[in-house]
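As C-alpha cells, the structure follows; a few thoughts come after it.
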Protein chains: 4
Amino acid sequence: MPSSQAVTKPRPATLVRHERRKDARPGELLAAALDLFVEKGFAATRVEEVAVRAGVSKGTLFLYFASKEELFKAVVRENISGHFPQWNAEFEAYQGSTPDMLRYAMTLWWQQQGSSKSSGIAKLMLSEAGNFPELAAFFQQEVVQPGHDLIRRILQRGVDRGEFAPIDKKYSVYAVLAPMIFLQLMQHSNPCCFDATDPVVPEEFLAAHVQTTLDGLRLRPSSPASDKGSRSV
Amino acid sequence: MPSSQAVTKPRPATLVRHERRKDARPGELLAAALDLFVEKGFAATRVEEVAVRAGVSKGTLFLYFASKEELFKAVVRENISGHFPQWNAEFEAYQGSTPDMLRYAMTLWWQQQGSSKSSGIAKLMLSEAGNFPELAAFFQQEVVQPGHDLIRRILQRGVDRGEFAPIDKKYSVYAVLAPMIFLQLMQHSNPCCFDATDPVVPEEFLAAHVQTTLDGLRLRPSSPASDKGSRSV
Amino acid sequence: MPSSQAVTKPRPATLVRHERRKDARPGELLAAALDLFVEKGFAATRVEEVAVRAGVSKGTLFLYFASKEELFKAVVRENISGHFPQWNAEFEAYQGSTPDMLRYAMTLWWQQQGSSKSSGIAKLMLSEAGNFPELAAFFQQEVVQPGHDLIRRILQRGVDRGEFAPIDKKYSVYAVLAPMIFLQLMQHSNPCCFDATDPVVPEEFLAAHVQTTLDGLRLRPSSPASDKGSRSV
Amino acid sequence: MPSSQAVTKPRPATLVRHERRKDARPGELLAAALDLFVEKGFAATRVEEVAVRAGVSKGTLFLYFASKEELFKAVVRENISGHFPQWNAEFEAYQGSTPDMLRYAMTLWWQQQGSSKSSGIAKLMLSEAGNFPELAAFFQQEVVQPGHDLIRRILQRGVDRGEFAPIDKKYSVYAVLAPMIFLQLMQHSNPCCFDATDPVVPEEFLAAHVQTTLDGLRLRPSSPASDKGSRSV
DNA sequence: GATGAATGAGACTTCATTCAT
DNA sequence: TATGAATGAAGTCTCATTCAT
C-alpha cells in the first residue's frame with residue numbers, strides 16, 4: 001500500500017525525461033484520478049481511463065494503489081486531508097482577533113480548496129457515500145472530523161478570549177460549514193439547477209455569510225432578544 | 001457440435017404463482033424504484049433489485065417499463081413533473097398578496113416535495129446528470145424548466161401588482177430556489193456532512209429564507225440603492 | 001396437439017363475426033406464422049408477433065400449438081406436406097406422356113408452391129436446419145422424402161414406358177430438383193445477390209431446365225457418346 | 001438495505017493462467033468465429049462459444065472486437081473482402097484471352113472461396129441479412145459491390161477486345177454469379193435437400209456453367225439474334 | 001375457450017483486478 | 001518497475017412458455 005502522502009513537489013526541468021516520468025508516476029495518477037473523479041464521480045470513473053490520462057498502463061496504476069478505493073483515498077489525502085497538519089499549525093500560531101481569524105480561514109479555504117478541484121471530491125461524497133461505506137468512513141475520519149475540529153477550535157478560541165458568546169458549538173460549526181458546502185455544490189453540479197442565474201460571486205457570498213455568522217456569534221455587551229432568522233443558518 | 005434444439009425447453013411444473021395484479025404493478029414498481037434511486041442513485045440501482053422489492057421478477061419490470069431510463073422517467077413524472085398542472089392551476093387562481101403567495105408556495109413545496117422522497121430524485125440529478133445526458137435533458141425539460149417558469153410567474157405577478165420592485169428575474173428565481181436545493185441535499189446526503197449538528201428545522205429554515213427574499217424583493221417607498229452584493233442570497 | 005391439417009376452406013360470408021373468428025383462429029395463426037417465418041426466419045420470429053398479427057393473444061397461440069416448433073410443423077403441413085396426397089393421386093391418374101407429365105409437374109409446382117410463400121419455408125430450412133435438428137428431421141420426413149418419391153415415380157414411369165433411358169434415378173431426381181431450389185432461393189433471398197439483374201422469368205427458367213433435363217433423359221434410338229455438360233445438372 | 005461496497009471484491013488467488021499470446025489471439029478468435037458463424041449462423045452463434053473455442057474467456061473476445069457485429073465484420077474482411085486488392089491486381093495484369101480469364105477466375109474462386117468456409121459466410125447472409133441491416137449494408141459494400149465490379153470488368157474487357165458480344169452487362173454478371181451462389185448453398189445447407197444425390201462435382205459443375213456462359217457471350221461472326229429467354233441461365 | 005401477466009434462463013457487454021513477462 | 005492480456009462476476013434486456021382468471 002503505497003502511502004502516497006507525497007504532495008507533488010515541483011521538480012527542476014533538467015532531468016532526463018524517462019527518469020522524471022518514473023518518479024512522477026504517482027503524482028500523475030493522482031492528478032488524473034482527481035480530474036476524473038470530480039468529472040464523473042467515483043463509481044462512473046474507470047481505472048483504465050485514469051491510467052490512460054496519466055500516460056501509464058492499467059497494471060501500473062495497481063502497482064501504486066491497491067484498488068480503486070485506495071486510489072480514491074490517496075486522492076483525498078493528497079488534496080484535502082494532507083493539508084490539515086499545515087492548517088492546524090497555521091491556526092495554532094494565529095495571532096489576530098478571532099473574527100479576523102475566521103474570515104481568514106474562510107478566505108484560505110476558498111483559495112486552496114473551494115475554488116479548486118478538491119471541492120469536487122467533497123461534493124462527490126455527498127452523492128456516493130451511501131454506496132461505498134468504507135470510503136464514507138474514511139472521509140468522515142480524515143476530512144470531516146478534522147475539519148469540524150479545526151472550526152471548533154477557532155470558535156472555542158473566540159469564546160475563550162471573550163470575543164464570541166459561549167453558544168452551542170455543534171450548531172456554530174454547522175453555520176460556518178453551510179456556505180462552504182453550498183459553494184462546493186454550485187461549483188460542481190449540473191448547470192441546469194444553478195448556472196441559469198446571475199453568477200454568484202463566491203468571495204462575496206462567503207464574505208456575507210461570515211459576516212452574518214460573526215454577527216450571530218459576537219459577544220454583545222447587552223443583547224435584548226433581537227435575533228431570529230440570522231441564527232438559523 | 002453442440003446440437004442446439006435451442007428453443008424447446010420444458011419447464012418443471014413446480015410452484016409458479018402468478019400474483020395477477022396488473023393494475024397495481026406499475027405503482028409498486030414505481031414506489032420501489034423511487035426508494036432505490038433515492039437510496040443508491042441511478043447507476044448504482046439494479047433493475048432486478050427494484051423488481052424484487054416490488055415483489056416481482058426481473059422480466060416483469062420490463063413488461064411495464066421499456067428500460068431502466070424509462071423507469072426513471074416514469075418515477076420523475078409520477079412524483080414530480082406530473083404535479084405541475086395542478087400546481088400551475090392552483091397558483092393561477094391564487095387570490096391573496098404575492099408575498100403570501102410565495103410563502104404558501106414554499107410551504108406547499110416542502111410539504112409535497114421537499115420533505116418527501118421526491119427531493120432525493122432532484123439531489124440525484126445533481127450528481128449523475130453528467131453521466132446520463134438523456135436523463136439530464138429530460139429532467140431539465142420536465143422539471144427544471146416548469147419549476148423556474150412557475151416561480152418566475154409568481155415573481156412577475158408581484159412586480160405587476162406593485163408588490164415587488166422590478167428586479168432581475170433570473171436572479172430572483174435563483175434566490176427562491178437556493179434554499180430548496182439546499183434542503184434537498186440535507187435530506188438525502190451522507191450524514192457526516194450535515195447531521196452532526198443540531199438538526200436544522202426545515203420549516204424554520206425556509207421561513208427565514210422566504211422572509212429574507214421578500215425583504216429583498218419588496219417594493220420600498222424610498223430606497224437609496226446602496227446594497228448589491230450582499231443581496232446575493 | 002391440434003393437428004391443424006385443416007386446409008383453409010373458403011367460408012360463406014354469412015356467419016356471425018365472432019363465430020367465424022373463433023373457428024378461424026388456427027388458420028389465422030398459421031397464415032401469420034407463415035408470413036413471419038418466411039420474412040424473418042424461424043429463430044428470429046417471435047411467437048408474440050405471430051399472435052398479434054393473427055389478432056389473438058400469446059396465450060391463445062399456445063392453446064392451438066404446443067410450442068413454437070409445433071407451430072412451424074403445422075405451417076409446413078398446412079402449406080406443403082398436406083398437399084402430397086392430392087399430388088400423388090393426381091399423378092397416379094395421369095394419362096399423358098411422361099415428358100408432358102414432367103412439364104406439367106413443374107408448372108404445377110411453380111403455380112402452387114414455388115411462386116407462393118411456401119417456397120420461403122423451404123428456403124428457411126436451408127439456413128436453419130442445422131440449429132433445429134428436430135425440425136430438420138421433420139422436414140426431411142414430411143417434405144423432402146415424399147417430394148423425392150414423387151419425382152422418382154414420375155421418372156420411373158418414363159423408364160417403364162420406354163420414354164426415358166434407364167439412368168441413375170437419384171441423379172435424375174436431383175436434376176429435376178435443382179432449378180426448383182434455385183428459384184426458391186431467388187424468391188426469398190437478400191436482393192443484393194440476385195435482384196440487381198434483369199429479372200429472371202421463373203416460368204421460362206423452369207421451361208428451359210425441364211427441356212434440358214428431358215433432353216438428357218430421353219431414350220434416344222441410337223446415341224453416340226455426345227452428351228457432356230447437359231447431364232451434370 | 002444491502003450495503004454495497006460494490007467495487008472491492010477480493011479474488012481467490014487460485015489458478016489463473018494467462019496464456020499471453022496477444023499476436024495469436026485475433027487470428028484464433030477469427031477462426032473460431034468463422035467456424036461457428038458458418039455452422040450456426042450469426043444470430044445463433046454465442047460470443048462465449050466463440051471465445052471458448054478460441055481457448056479464451058468471454059471478456060477476452062471483447063478485448064479484440066468491440067461487439068459481435070464487429071467480430072462478424074472482421075471475419076468477412078479476413079476471409080473475403082480483404083482479398084479483393086490482390087484479386088483486382090491479378091486480373092488487372094492478366095494477359096491471356098478473356099474466355100480463359102473467366103475460366104481462370106471461376107477456378108480461382110472455387111479454390112480460394114467456394115470450397116472453403118468463406119462460402120458459408122455468403123450463404124449465411126442470404127438468410128440473415130434481413131434481420132441485421134447494418135451487417136447487410138456492410139456486406140453489400142465490402143463484398144457484393146467489389147465482386148460485381150470485378151466480374152463486370154472482366155466482361156467489359158471481353159467486349160472491348162472483340163471477344164464478347166456487347167450484351168447487357170448486369171445480366172451477364174448474374175450469369176456468372178448464379179453457379180457460384182448455387183455451389184455456396186450446396187456446400188453449406190441442410191444435407192436433406194442436396195446430398196441425397198450423386199455428389200455434384202463442383203469443378204465440373206462450374207466448368208459446364210462457364211462453358212455455357214461463354215457460348216452465350218461469345219461474339220459470333222453472323223448471328224441471327226433469335227434466342228432470348230433460353231439464355232437466362 | 002381466451003387472456004395476458006408473470007417468469008427466468010440466457011444473451012451481449014463492461015470493468016476492476018491479476019499476473020506472466 | 002512496467003506492461004497489458006486475461007479473467008469472470010455482474011448488469012441490462014429478451015422471449016418462449018405457463019397458468020390463474
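Everything numeric in this text was worked out from a predicted model, so none of it was measured. Numbers restart at 1 for each chain; the letters A, B, ... are given by sequence-line order, proteins then strands.
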Worksheet item: Which residues pass the side chain to side chain contact (heavy atoms under 4.5 Å, CB included) test with B:Ala51, sequence neighbours left out?
Response: B:Val56, B:Leu61

Worksheet, complete the sentence: When rounded to whole Å, the CG to P distance for the pair D:Leu36 and E:dC12 reads 11 Å

Practice prompt. Would you kindly compare D:Leu61 and C:Arg46 by the position of their nearest DNA chain F nucleotide and give the one closer to the 5′ end?
Written response: D:Leu61

Item to complete: Under 3.5 Å for both distances, Watson-Crick or G-U wobble, that's the pair rule; now give the dot-bracket for DNA chain E, with | marking pairs to another strand and [ ] for crossing ones.
Response: .||||||||||||||||||||

Worksheet item: Does D:Ser57 make a side-chain N or O approach to OP1 or OP2 of F:dT7 shorter than 4.0 Å?
Response: yes

Worksheet item: Do the non-hydrogen side-chain atoms of C:Asn79 and C:Leu30 ever get within less than 4.5 Å of each other?
Response: no

Practice prompt. From the options F:dA16, E:dT13, E:dA2, select the nucleotide whose nearest atom is closest to the side chain of D:Phe62.
Written response: E:dT13

Discussion item. Should the side chain of A:Lys58 and the base of F:dT3 be counted as holding a donor-acceptor pair, with the cut-off at 3.5 Å?
Written reply: no

Response to the item:
The complete set of side chain to side chain donor-acceptor pair (under 3.5 Å) pairs with one or both residues in residues 31-43 of chain C, sequence neighbours excluded, reads C:Asp35-C:Lys117, C:Lys40-C:Glu49

Item to complete: Using side chain to side chain contact (heavy atoms under 4.5 Å, CB included) as the criterion, list what pairs up with C:Ala31, not counting sequence neighbours.
Response: none

Discussion item. If you only use heavy atoms from C-beta on, which nucleotide in E:dT13, E:dG1, F:dA6 is closest to the side chain of D:Tyr64?
Written reply: F:dA6

Worksheet entry | Candidate nucleotides F:dT7, E:dT7, E:dT3, ranked by approach to the side chain of C:Thr60 - the nearest | E:dT3

Response to the item:
Comparing nearest nucleotides in DNA chain F, the 5'-proximal residue of the pair D:Gly59, C:Glu48 is D:Gly59

Practice prompt. Please identify each residue that fulfils side chain to side chain contact (heavy atoms under 4.5 Å, CB included) with C:Ser57, with sequence neighbours left out.
Written response: C:Thr60

Discussion item. Quick check: on DNA chain E, is the nucleotide nearest B:Leu63 upstream (toward 5') of the one nearest D:Ser67, or the reverse? Name the residue that is more 5'.
Written reply: B:Leu63

Item to complete: Using the test ring-ring contact (aromatic ring centres under 6.0 Å, His included), find all partners of B:Phe42 that sit at least two apart in sequence or belong to another chain.
Response: B:Phe37, B:Phe72, B:Phe132

